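Questions regarding the structure given below will be posed in turn.
One-based numbering, in listed order, for ligands and for the atoms of each. Below, each value reflects all heavy atoms present in this structure, side chains not excepted, and no hydrogens, waters or symmetry copies. Quick caveat, the model's predicted, so the values are computed rather than measured.
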Amino acid sequence: MNRILLVSNRLPVSVQRRKGHLHFQNSVGGLATGLSSFYETYDSLWIGWPGVTLAGGNPEENQIRERLASASCHPVFLSQDEVRNHYHGFCNRTIWPLFHYFTQYAVYEDAFWEAYQRVNEHFCDAVVGIAQSTDTIWIHDYHLMLLPILVRERLPDAEIGFFLHIPFPSSEIFRLLPWRKEILEGLLGADLIGFHTYGYVRHFINSARYLLGHEHTMGQLNVGNRVVKVDAFPMGIDYDRFFDGSCDRAVQEEADEIREKAGKRRLIFSIDRLDYTKGILQRLQAFDRLLTSNPGLKENVHLILAVTPSRTKVEHYLALKRQIDEHIGEINGKHGSVGWVPIWYSYRSLPFRTLLVWYCAADVALITPLRDGMNLVAKEFIASKCDGKGVLILSEVAGAAEELSEAILVNPNDQEDIVAALKEALSMPEQEQIARNRLMQDRLGRHNVVKWAEEFINELTAVKSVQSELAAHRVNAKVRRELIRDFRRSKARLCLLDYDGTLVPLVKSPEEAKPDAELLSLLCGLLRTENTDLVIISGRDKTTLGDWFGDLNIGLIAEHGAWSRAPKAEWETIQPLTSQWKPELKPILRHYVDRTPGSFVEEKDFSLVWHYRRVDPALAERRLSELKDTLLQLAAAYNLAVLEGNKVIEIKNSGVDKGQAALRWLAKGEWEFILAVGDDRTDEDLFGVLPRHAYSIRVGIRTSQARFNVGSPRDVCTLLQELRAG
Ligand code: GDG
């Protein structure tokens, strides 16, 4: 396996200055804990911010560098200002609230955004300075969403993966971000983009489609000349560390001591970083309600609320801390009695062993985030149940809920639901607890964090090989040389060129695609080349093609072959075609236009076309499948064919396609050189009928019957320019 460069905002080791001295300690948080075990097993180097800011040229920099190097870590030093505006600003006050659906907390400030860009550039310098060509670069989380494209620009062939640890919100939320396009483009610099759940994948794909117009096939997007894959990789935990740890006798004894102290009282446990997304206040309110509505539970339960200090520089977190303190005081005051404190509260970072003991001792884990990318605590609790006993109550909007379906799932905003879940948990028979937990343990044990990381890395390698397979068909320098050589050597040349998406980019309205002076001059230049026939082979109607190209000495094929015209001659229909079916189908298409804002119908002599480029993509998808169903039934009755093009569906006489039209043109001469270029499904018919020696090229990086690919219409024009120059 290649070396892996892990890149995240924080390193697994944090440096702190206390009483003038530097201290090194393990970082807490989901990403650091989760990835540490994976990273220790592989040849890897971790790049990130060490957690302290130093004045430029501070000799401590070297001390930190050396110390971190021994832990295979490489520090990226940031100024105080950068940390304030990047981490505390854009990351924690813009992206974090927005991506967790707390739109009211999201702050949009230019200074934050500028720092975000700068810090991503610093990380890019660090990565580029270290990366070797065989390295796999794996970038993590929302602090570094611009990094993939920045690295791509400097290392175009690098293998880059990105994983987001927090939710990717619905496109309706994401679109609120002023820098939404930059963030999407930044992420799309990666070869593989991973999320915890398929829901987040869907949201990302929708955003890329709505905001950048990228379509996808099975999570695969074509971005420029690259294929980018987007998929779900639910993160696992270091299962054995928790399970084996919880079986350890000393750990069991400590857990027993806690239980003894609690006596007959049942223990409900929760631990979170201090964060408004974790639903801590709502959880306290639900516990209050439980005690109020079930007086019999008084003196019979304890809620152990462990909160780990986090982001204490952001005002919402400070306010939250105050509110938690107040709520706990109120609940303990209201329900407590001499000898019974309902809530045991800890506000500090716990050593791992203490955490493990609490997981073991607890009867119930109450984990109710209002939004959570995954939530590893829920998985850790289940893994720590060596004897299989214990009940997990989990918020249904935590990513982990998808895998932990045997837990009691709750809506974290519905206090009655949480109260009911607590009652169910406290009375669940042990046998049922064990049965549910063993199923979840089995899954968590198999799909642990190392498996998760391996799956991601393997998929990244697979994307790379799809890319190189497609690249093998790319018109590279060698193919280009051969093509130009063959063109020059030949005495009879035929160029069959599709128009929209091939000679000009696709645009929202068909009429905007009119050829400009530059394109016309390119075509005229080619037409002046001796022994060269040029044919535009298009789905456009004959009037438009005639208006645009009628004065040139060029062959024209319109309506995918229904009409054809030799240079400056009259239009001919190819076979007796009928349009008697149109009155029957037009009202149907009109009905679809009425129900689908942004769509319209184009009528050609022998076909009807429903255009949906400007339609909301999700609506278009749905209407398209309905319309196809309806049309296919009618098509058989009228001997029609239904043809899907690029954001259009066309109904025409069967037997008319670009392949048939091309065959007729091919039969007109003994062509030594043939070039055919097209961009969509309708051009596949053309590619399919060409002789073996023909150069067929599809615009766009996808599998095709064409022998070669190019990236864009610009590339096609450059190629034609070179032929002309020859
Ligand atoms: C982000 C996403 C996603 C916590 N306090 C202590 C402590 N921890 C450990 C837990 C767990 C981790 O930190 C927390 O992970 P979570 O997943 O619950 O939450 P976030 O920190 O918000 O993590 C989250 C995660 O990334 C991974 O992708 O699941 O959705 O928000 O491992 O055990 N560990 C110790 N003492 C503590 O006081 N030892």
- Message: Heavy atom to atom 29 (O) of ligand 1, shortest distance: which of D275, N375, V307 holds it?
- Response: N375

- Message: Within the structure, is a non-hydrogen atom of Y347 found at a distance of less than 4.0 Å from ligand 1?
- Response: no

- Message: Is the distance between the ring centroids of F352 and F242 under 6.0 Å?
- Response: yes

- Message: Testing V7, L150, L146 one by one against F123 for a side-chain contact (heavy atoms from CB on, under 4.5 Å), which residue passes?
- Response: V7

- Query: With atoms numbered from 1 as shown, which atoms in ligand 1 lie under 4.0 angstrom from a non-hydrogen atom of W96?
  - Reply: 31 (O)

- Which atoms form the tightest heavy-atom contact between L78 and T53, and what is the distance? O-CG2, 3.4 Å

- Query: Taking the minimum heavy-atom distance to atom 1 (C) of ligand 1, which of K278, R371, H165, M374 ranks first?
  - Reply: H165

- Task: Using a strict 4.0 Å cut-off to heavy atoms of T308, name the atoms of ligand 1 that fall inside it.
- Result: 4 (C), 5 (N), 6 (C), 37 (C), 38 (O)

- Note on the structure: If we number the atoms of ligand 1 from 1 as shown, the ones under 4.0 Å from a heavy atom of F352 are 39 (N)

- Can we call the ring centroids of F195 and Y200 under 6.0 Å apart? no

- Message: Only heavy atoms of S349, strictly under 4.0 Å: list the atoms of ligand 1 that pass.
- Response: 38 (O)

- Message: For ligand 1 and L350, I'd like to know whether there is a polar contact (N/O to N/O, distance under 3.5 Å).
- Response: yes

- Numbering the atoms of ligand 1 from 1, which are under 4.0 Å from a heavy atom of L355? 33 (O), 34 (N), 35 (C)

- Query: Please walk me through it: do K389 and I434 pass side chain to side chain contact (heavy atoms under 4.5 Å, CB included)?
  - Reply: CA-CA 5 Å; K389 285 186 257 174; I434 295 170; 3.9 Å; yes

- Using a strict 4.0 Å cut-off to heavy atoms of E380, name the atoms of ligand 1 that fall inside it. 10 (C), 11 (C), 32 (O), 33 (O)

- Is the ring centre of Y142 less than 6.0 Å from the ring centre of F99? no

- Any idea which atoms of ligand 1 are less than 4.0 Å away from a heavy-atom of M235? 27 (C), 28 (O)

- Query: Quick one: does ligand 1 sit under 4.0 Å from the side chain of T354, the backbone, both or neither, non-hydrogen atoms only?
  - Reply: neither

- Query: Short list, please: which atoms of ligand 1 are under 4.0 Å from a heavy atom of G373?
  - Reply: 30 (O)

- Message: Looking only at side-chain N and O atoms, does Q441 offer a donor or acceptor that is under 3.5 Å from a partner on R438?
- Response: yes

- Consider only side-chain N and O atoms of H447 and E403, and report whether a donor and an acceptor are under 3.5 Å apart. no

- Would D191 and R152 pass as an ion pair if we require N to O under 4.0 Å? yes

- Message: Any nitrogen or oxygen of L376 lying under 3.5 Å from a nitrogen or oxygen in ligand 1? Just yes or no.
- Response: yes

